[in-house]
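Report on the following structure.
For reference, positions follow the sequence shown, starting with 1.
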Amino acid sequence: MKKICIFILMLSNFNSISQIGNQRKAENAEAFIRLYGYIQYFYPIEKPDSFDWSKFSLYGLKKVIYSKNDQELIANLNLVFLLVAPNLEIGLKQNQPRLPKLTKKSKNGYRFWQYQGMNLHYTKNSVYKRKLVRYYSSKHDSVSSTLIFPQVPKNGEIISRSISKSLICFFPVSISENEKNVFADQKKTKKFIEQINLLFKNSNSVEDTCYRLAYISEIWNLTRHFYPFHDKTTVNWDESLSETINKCLISNNQSDFSKTKFLLVSQMNDGHTCVDGSYSGLPFSVLNIGNEYYVDNIRFPNNLRHGDKILFINSKSAKSYFTESKKYYSGSEQLKNVMINLYFGYGDRNENLEIQFLREGDTICENVKREVMGFICQSKDEKPLTSNFKICADSIYYINMANADEMMFLSKMDDLLHAKGIIFDFRSFPGPFRDNILAHLCKDTMETPYFYTPQIIYPDQEQLKFDTATWFLYPQKPYLTCKKAFLINGKAISACETQISFVKQYKLGPLIGQETAGANGNYIVMKFLDVASLTWTGLRVVDKDGHLTMVDGYKPDIEVMPTLEGFKAGRDEVLERAMEYINTGK
C-alpha cells in the first residue's frame with residue numbers, strides 16, 4: 001500500500017510538472033537568468049577554482065524551471081542561491097518591500113568587485129582587469145594599492161533589481177570584511193560542487209532545454225552588464241531576453257538553437273562578434289552588384305562558373321534569401337554585406353540547396369551541397385591574396401598590408417624613395433609590421449584615437465565610467481615624400497581601422513574604395529562549459545573629432561563600387577582608381 005501511495009504521489013508531481021506551460025517556464029527562466037547575472041558578477045564573494053559558474057547556471061535552471069507559481073519560484077531561487085549568496089533576499093513587488101539592511105557596516109573595511117572591462121580569461125598584461133577589492137578606509141592603510149580605479153560603492157551598500165514582472169531582489173554590492181566566506185565550509189562546498197558536476201554530466205547537450213537557456217544566460221548577462229555599445233544596438237536588450245527564452249523553449253535541435261544564438265548576438269551590431277557554431281558552406285562566394293548576385297570565387301571544381309547570375313535559392317529569390325540571411329550576422333551593414341558574400345549559403349552540413357542561375361541567357365538549375373567547413377564568423381577571404389609587393393605601372397608601387405613584411409619593405413626602400421606613388425591595400429586584416437611601415441609616411445608623431453575601457457562596480461551599467469588611453473607612432477627615416485593612396489572596404493576591421501585612423505587624421509592620402517567594417521577595440525572572449533565561446537568588442541574607440549568607430553566605419557574619400565563589366569573581366573577597379581589618382585592627383 002505504501003509503495004502504491006508513493007507511486008501516486010510521484011505520478012501527481014510528474015503531471016503537475018508536465019502541465020506547466022511555456023509561459024510559466026519562461027517567467028521562471030527569466031527570473032533566474034537575471035538574478036544569476038547579478039550574483040555572479042556583483043555579489044562580493046570569492047569562489048574556489050573548482051566552482052564553475054556556467055555549470056551552476058545549468059544546475060539552477062534545472063531547479064527552478066518547473067516552479068508552478070511565484071511563491072514556489074521564490075522558494076526554489078532561495079534554495080539554489082543559498083550557498084553562493086546568503087544575504088540575498090527575494091520578494092513580490094506587490095508587497096512593496098523596503099530596502100533591507102542585510103549587512104552591517106564595518107570599521108575594519110569591506111569588499112566589492114571592480115571591473116575594468118570584462119574578460120573571463122584575464123592575462124597579466126591585458127587591458128582588462130577585475131578584482132575583488134578589499135577596501136580599508138583607515139588612515140594607516142593604503143587604499144590606492146588595492147583599487148583598480150577610484151570609484152567605490154558605499155560601505156555595506158544594498159541595491160534592488162527587478163528580476164521578473166512580479167519579483168524583486170535585494171543584494172549587497174559591498175560586504176564587511178568580517179563577513180564569513182560563504183565557501184569556507186569545504187565539506188558543504190565539495191558536496192555542492194559534486195551535485196552540480198553530476199547534473200551537468202547528464203545534461204550537456206543542446207537537446208536539453210536548460211542547457212540552451214544556460215548558454216543564453218551567459219551571453220545575455222555579459223552583454224547586458226559589460227558590453228560598452230548599447231547605444232549602437234538596434235533593440236531593447238531587456239526585451240530581447242524574453243524573446244530568446246521563448247525561442248529556446250521550442251527549439252530542440254542544434255540547427256534551431258544555432259539560429260537562436262545568432263539572432264541574439266546579431267543585435268549587438270558588433271563586427272568582432274563570433275559565436276561558436278560550426279557550419280558548412282557552398283563551394284563558392286558571391287558578389288552583390290546593384291542588388292543582383294553573381295558567382296564569384298569558386299573554391300573547388302563544380303558546374304558553376306565565375307559570373308553566373310543567381311536567380312533563386314530553394315525557390316526563394318536571391319535578394320530575399322540574402323536579406324533573410326543577414327539577420328544572423330552581427331556588425332555594420334557594410335560588414336554584413338561582406339560576410340554574406342564570402343560565406344554564402346552557410347548552414348547544416350551536407351544539405352543540398354537548389355540554385356537557379358542565369359548563364360549567357362540560359363536558365364540552369366543545380367543542386368549544390370554544403371560541404372565547405374568553417375565558422376559563420378570567419379572573415380578571411382577565400383580568394384588568393386594579391387602579390388604583397390609589386391610595380392603596378394611606371395614608378396607606382398603596390399603594397400598589400402595584410403602580409404607586408406618589414407624586411408621586404410626596407411629592402412625596397414631605394415625604389416620607394418624615387419616612386420611616383422605608393423598604393424597601400426588595407427582590404428584585409430593587416431599584418432604585424434603595419435606600424436613600422438606607416439612610421440615612414442609622416443614627419444610628425446601620430447597619436448591613436450582614444451581607447452575607452454569601461455569601469456564598472458554596479459550592474460546594468462549604472463554609473464558607468466571609462467579609463468582613457470592612447471598610444472603614439474613615432475616617425476621613422478627615411479620619410480617617403482611621394483603620393484600615397486589607401487585602399488579600403490568592409491573587410492578592413494579592428495586594428496586595421498586604427499591604422500586607417502592615422503591616414504584620416506594626419507591626411508596621409510585619400511581612402512579609396514568602400515566604407516570600413518566599423519568594429520575597432522580589443523575583443524573579449526567568453527567561454528561556456530569549456531566548449532562554447534563568444535567574442536565581442538570590450539572597449540570604445542573614439543577619434544579626436546568625436547567619431548565613434550563602432551558601426552560607423554571610415555568612409556572613403558573616393559568611393560568605388562564594383563561594376564558588372566569590371567567583375568566579369570576580373571579587374572580590380574579600386575586599384576585602378578588609385579592608380580588614376582596617383583597619375584592625375586584627382
Check: Do Arg34 and Leu241 come within less than 4.5 Å of each other through their side chains, counting heavy atoms only?
Finding: yes
Check: What about Phe81 and Phe56, are their ring centers closer than 6.0 Å?
Finding: yes
Note to self: Once rounded to the nearest 0.5 Å, what's the spacing between atom CD1 of Ile456 and atom CZ of Phe466?
What the structure shows: 8.0 Å
Which donor-acceptor pairs under 3.5 Å do side chains of residues 501-509 form with protein atoms, sequence neighbours excluded?
from, atom 1, to, atom 2, distance (Å)
Ser501, OG, Thr498, O, 2.4
Lys504, NZ, Lys555, O, 3.4
Lys504, NZ, Asp557, OD1, 3.2
Tyr506, OH, Glu447, N, 2.8

Check: Do you see a donor-acceptor pair shorter than 3.5 Å between the side chains of Asn78 and Glu89?
Finding: no
Checklist line | pair Val173-Tyr43: side-chain heavy atoms closer than 4.5 Å | finding: no
Check: Between Pro449 and Val541, which heavy-atom pair has the shortest distance, and what is it?
Finding: CB-CG1, 3.7 Å
Check: Hey, would you say the Tyr110 and Phe112 ring centroids sit under 6.0 Å apart?
Finding: yes
Check: Which of parallel (below 30°), tilted (30 to 60°) and perpendicular (above 60°) describes Phe51 and Trp53?
Finding: perpendicular
Note to self: Can you confirm whether Met118 sits close enough to Leu222 that some side-chain heavy atom of one is under 4.5 Å from a side-chain heavy atom of the other?
What the structure shows: yes
Notebook entry, point to check: Just wondering, more than 12 heavy atoms not from Lys465 lying within 6.0 Å of its NZ?
Noted result: no
Item checked: Backbone N/O of Lys232 and side chain of Asn269: donor-acceptor pair under 3.5 Å -> yes
Next item on the list: Examine distances only and state if a side-chain atom of Tyr36 and a backbone atom of Asn221 form a donor-acceptor pair shorter than 3.5 Å.
Entry: no
Item checked: Any residue meeting salt bridge (charged side-chain N to carboxylate O under 4.0 Å, His left out) with Lys336, in chain and number order, not counting sequence neighbours -> none
Checklist line | Pairwise side-chain contact, Glu406 with Ile437, heavy-atom cut-off 4.5 Å (strictly under) | finding: no
Check: Are side-chain heavy atoms of Glu462 and Arg161 found at a separation under 4.5 Å?
Finding: yes
Check: Would you say the side chains of Ser57 and Glu218 form a donor-acceptor pair under 3.5 Å?
Finding: no
Note to self: Is it the case that over 12 heavy atoms from other parts of the model lie below 6.0 angstrom from the CZ atom of Phe192?
What the structure shows: yes
Check: Would you say Thr516 and Gln334 make side-chain contact, with heavy atoms under 4.5 Å?
Finding: no
Checklist line | Among Ile512, Ile488, Leu487, side-chain contact (heavy atoms from CB on, under 4.5 Å) partner for Pro556 | finding: Ile488
Notebook entry, point to check: Heavy-atom distance under 4.5 Å between the side chains of Ile219 and Thr244, does that happen here?
Noted result: no
Checklist line | Check: Asn489 main-chain N/O paired with Glu515 side-chain donor or acceptor under 3.5 Å | finding: no
Check: Taking the inter-plane angle between the rings of Tyr452 and Tyr450 on a 0 to 90° scale, is it parallel (under 30°), tilted (30 to 60°) or perpendicular (over 60°)?
Finding: tilted
Notebook entry, point to check: Between the side chain of Ser174 and the main-chain N/O of Lys154, is any donor-acceptor distance below 3.5 Å?
Noted result: yes
Next item on the list: Determine whether the side chains of Glu27 and Ser164 contain a donor N or O and an acceptor N or O closer than 3.5 Å.
Entry: no
Next item on the list: Return yes if a side-chain donor-acceptor contact under 3.5 Å exists between Ser330 and Asp270, otherwise no.
Entry: no
Notebook entry, point to check: Do you know which of Tyr458, Phe171, Phe170 makes ring-ring contact (aromatic ring centres under 6.0 Å, His included) with Tyr38?
Noted result: Phe171
Next item on the list: Fit a plane to each ring of Phe226 and Phe42, take the angle between them on a 0 to 90° scale, and name the class: parallel (under 30°), tilted (30 to 60°) or perpendicular (over 60°).
Entry: parallel
Check: So, Asp543 side chain and Asp545 main chain: donor-acceptor pair closer than 3.5 Å or not?
Finding: no
Check: Are Ile524 and Thr535 close enough that some pair of their side-chain heavy atoms sits under 4.5 Å apart?
Finding: no
Check: Does the ring centre of His547 sit less than 6.0 Å away from the ring centre of Tyr554?
Finding: yes
Notebook entry, point to check: Taking Thr233 for the side chain and Gln267 for the main chain, is one N or O donor matched with an acceptor at less than 3.5 Å?
Noted result: no
Item checked: For Glu333, all residues meeting salt bridge (charged side-chain N to carboxylate O under 4.0 Å, His left out), sequence neighbours excluded -> Lys326
Item checked: From Leu58 atom CG to Cys210 atom SG, the distance as rounded to the nearest 0.5 Å -> 6.5 Å
